[in-house]
Amino acid sequence: MLKLFTYFRSSAAYRVRIGLQLKGLPYEAAPVHLVRNGGEHLQASYRALNPGAMLPCLQDGGTTISQSLAILEYLEEAYPGKPLLPADAAGRARVRALALMVACDIHPLNNLRVLKYLSSDLEVSEANKTAWYRHWIEEGFRIIETHLARDAQTGSFAHGDRPTLADCCLVPQVFNAERFDVDLTPYPTIRRINERCAELPEFVAAHPAQQADAE
């Protein structure tokens, strides 16, 4: 069985949980707490599995994969049923681009280790750290909203009328935005897509609140 090393509130792990649910793949969840005991992801036992000490990490038999998008691409190739990418090359490129706008342009700047560095090493105030967090979400969402709103390929979901890799990335980022009280009013297309995703049982099952390690 697939084994996913995860943390309920990790948006990268959340992406993979959505992908696993959409593809109908059963898996064992192995929680790794990012805060408790100084961060369980920093312990030698987890570093032996993933030297980068990041979540998520997926095991499939003798194969171990880190990085959420690499995991989702692996699942797409190894388990092609219920695809997360469109059949056409242009559509696949568009979906990947939307996913990368979240995974490369927004998320790395607001990752837990970045926020901790701002607080502990640079002595940034809590208010300024929150302003940093909101700024990069708002900047990223402005760009994503423009792409989604102007493109006829946007449907009920980010691309067409079934969820794709783009929705796997977008929904967790909206969750993060809501946690930090980001005003989502300027992003009506993002809000509409997120609300549509929230109606699907696969997205409900992947939500942080539904995880065994949720606090």
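Remember, it's a predicted structure, so these values are computed and weren't measured experimentally. Position 1 is the first residue of the sequence; numbering continues from there.
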Please output the side-chain donor-acceptor pairs of residues 172-188 that fall under 3.5 Å, not counting sequence neighbours, one pair per line with the distance.
| from | atom 1 | to | atom 2 | distance (Å) |
| --- | --- | --- | --- | --- |
| Asn176 | ND2 | Ser11 | OG | 3.4 |
| Asp183 | OD1 | Thr185 | N | 3.0 |
| Asp183 | OD1 | Thr185 | OG1 | 2.7 |
| Tyr187 | OH | Glu138 | O | 3.4 |

Return a table of donor-acceptor pairs under 3.5 angstrom between the side chains of residues 55-63 and protein atoms on other chains or two or more places apart.
| from | atom 1 | to | atom 2 | distance (Å) |
| --- | --- | --- | --- | --- |
| Asp60 | OD1 | Tyr79 | OH | 3.2 |
| Asp60 | OD2 | Tyr74 | OH | 2.6 |
| Asp60 | OD2 | Tyr79 | OH | 2.7 |

Passes side chain to side chain contact (heavy atoms under 4.5 Å, CB included), Thr189 versus Arg192? Steps please.
CA-CA 5 Å; Thr189 314; Arg192 175 182 62 75; 3.7 Å; yes

Run the side chain to side chain contact (heavy atoms under 4.5 Å, CB included) test on Val32 and Gln43 for me, step by step, so that the C-alpha distance in whole Å, both residues' side-chain angles and the decisive distance to 0.1 Å come before the verdict.
CA-CA 10 Å; Val32 179; Gln43 296 177 0; over 6 Å; no

**Report entry** Residues Leu170, Leu98; criterion side chain to side chain contact (heavy atoms under 4.5 Å, CB included); working and verdict
**Finding:** CA-CA 8 Å; Leu170 183 61; Leu98 290 167; over 6 Å; no

Next on the checklist: Set out, in order, the CA-CA distance, both residues' side-chain angles and the distance that settles side chain to side chain contact (heavy atoms under 4.5 Å, CB included) for Phe203 and Val171, then state yes or no.
Outcome noted: CA-CA 9 Å; Phe203 283 85; Val171 167; 3.7 Å; yes

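Between the Gln21 side chain and the Ala205 main chain, no donor and acceptor come within less than 3.5 Å of each other. Listed for the Arg92 side chain is a donor-acceptor partner under 3.5 Å among the backbone atoms of Ala87. No side-chain donor-acceptor contact under 3.5 Å links Asn111 to the backbone of Pro108. Between the side chain of Arg9 and the backbone N or O of Leu34 there is no donor-acceptor pair closer than 3.5 Å. Using a distance-only test at 3.5 Å, with no hydrogens or angles considered, a donor-acceptor pair links the side chain of Gln211 to the main chain of Ala206.
The pair Glu202-Lys23 fails the salt-bridge criterion, with no side-chain N (NZ, NE, NH1 or NH2) lying under 4.0 Å from an Asp/Glu carboxylate O. In summary, Lys129 and Glu126 engage in a salt bridge, as defined by a charged side-chain N under 4.0 Å from a carboxylate O.
When all heavy atoms are compared, the tightest approach of Val204 to Ala198 is CG2-O, 3.5 Å. Of all the heavy atoms in Ser68 and Arg15, the pair that sits closest is OG-NH1, 2.8 Å. Contact detail for Phe157 and Cys197: the closest heavy-atom pair is CD2-SG, 3.7 Å. Taking every heavy atom of both residues into account, Leu165 and Leu69 meet most closely at CD1-CD2, 4.3 Å. For the residue pair Leu22 and Pro163, the shortest heavy atom distance occurs at CD1-CB, 3.8 Å. Between Leu109 and Val114, the shortest heavy-atom distance links the atoms O-CG1, 3.3 Å.
The side-chain heavy atoms of Val124 and Trp132, taken from C-beta on, include no pair separated by under 4.5 Å. Side chains of Asn50 and His41 form no contact here, defined as non-hydrogen atoms less than 4.5 Å apart.
Every residue meeting the ring-ring contact (aromatic ring centres under 6.0 Å, His included) condition with His33, not counting sequence neighbours, appears here in chain and number order: Tyr7. A search for salt bridge (Lys or Arg N to Asp or Glu O under 4.0 Å) contacts involving Glu145 returns nothing, not counting sequence neighbours. Qualifying side-chain hydrogen bond (donor to acceptor under 3.5 Å, both in side chains) partners for Glu40, counting only residues two or more places apart in sequence or in other chains: Arg36. Not a single salt bridge (Lys or Arg N to Asp or Glu O under 4.0 Å) links Arg134 to another residue, sequence neighbours left out.
When the shell of 6.0 Å around CD of Gln67 is examined, it contains 12 or fewer heavy atoms from other residues, nucleotides or ligands. Other residues, nucleotides and ligands place more than 12 heavy atoms under 6.0 Å from the CD atom of Glu199.
A distance of 12.0 Å separates CG in Asp151 from OG1 in Thr146, rounded to the nearest 0.5 Å.
The hydrophobic cluster containing Ile144 also contains Tyr133, counting ILVMFWY residues as joined when their side-chain heavy atoms lie under 4.5 angstrom apart, directly or transitively.
Looking only at atom types and distance, the side chain of Arg94 has a donor-acceptor partner in the side chain of Thr154 under 3.5 Å away.
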